[in-house]
Amino acid sequence: MMRSTYLVVALLASVLLVVSFCDAQDQQENPDLLLPSQGDGEEVGKKKPWPCCDMCTCTKSIPPQCQCRDVLVGGCHRNCKGCVCTKSIPPYCRCTDVIYEDCGKRCHPEE
């Protein structure tokens, strides 16, 4: 009886090991959950969606999630993926992209 119990436990452990290895391989090829460092263009060190920013707001999380709240006349920078504009003429626009680091240099340095 004791020997068959050990065999069953060993068999279940082997199956669990194979299943977790296959799941880990699948997760590397097709990840469902991405870390900020694995994101799609919004990770740390990637080109920012704006050349400069005066009104940067960030969360206190680690890494911080930051947005530039600057309003631009006529449109957003070409690197911005989510540009929201008013219907006025000329349009006033704001980039809604979130990045996982500080917004970068200021457009108009404080005096």
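What you are looking at is a predicted structure, and each value in this text was computed from that prediction instead of being measured.
Under a 3.5 Å cut-off, the side chain of Asp97 and the backbone N or O of Pro49 do not form any donor-acceptor pair.
Taken to the nearest 0.5 Å, the CD1 atom of Ile62 stands 14.5 Å off from the OH atom of Tyr100. Atoms CZ and SG, on Arg94 and Cys80 in that order, are 9.5 Å from each other to the nearest 0.5 Å. Of the inter-residue distances, the one linking Gln65 atom CD with Lys60 atom NZ reads 14.5 Å to the nearest 0.5 angstrom.
When the SG-SG distance for Cys53 and Cys103 is compared with the 2.5 Å cut-off, it comes out at or above that value. A disulfide bridge does not connect Cys95 to Cys76: their SG atoms sit 2.5 Å or farther from one another. Cys93 does not pair with Cys83 as a disulfide, the SG atoms being 2.5 Å or more apart.
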Would Lys48 and His77 count as a side chain to side chain contact (heavy atoms under 4.5 Å, CB included) here? Give the steps. CA-CA 10 Å; Lys48 293 182 179 12; His77 189 266; over 6 Å; no
Would you give me the side-chain donor-acceptor pairs under 3.5 Å for residues 66-73, sequence neighbours excluded?
from  : atom 1 : to    : atom 2 : distance (Å)
Gln67 : OE1    : Arg69 : NH2    : 3.1
Gln67 : NE2    : Thr96 : O      : 2.8
Arg69 : NE     : Thr57 : OG1    : 3.3
Asp70 : OD1    : Asp54 : N      : 3.3
Asp70 : OD1    : Met55 : N      : 2.8
Asp70 : OD2    : Asp54 : N      : 2.8

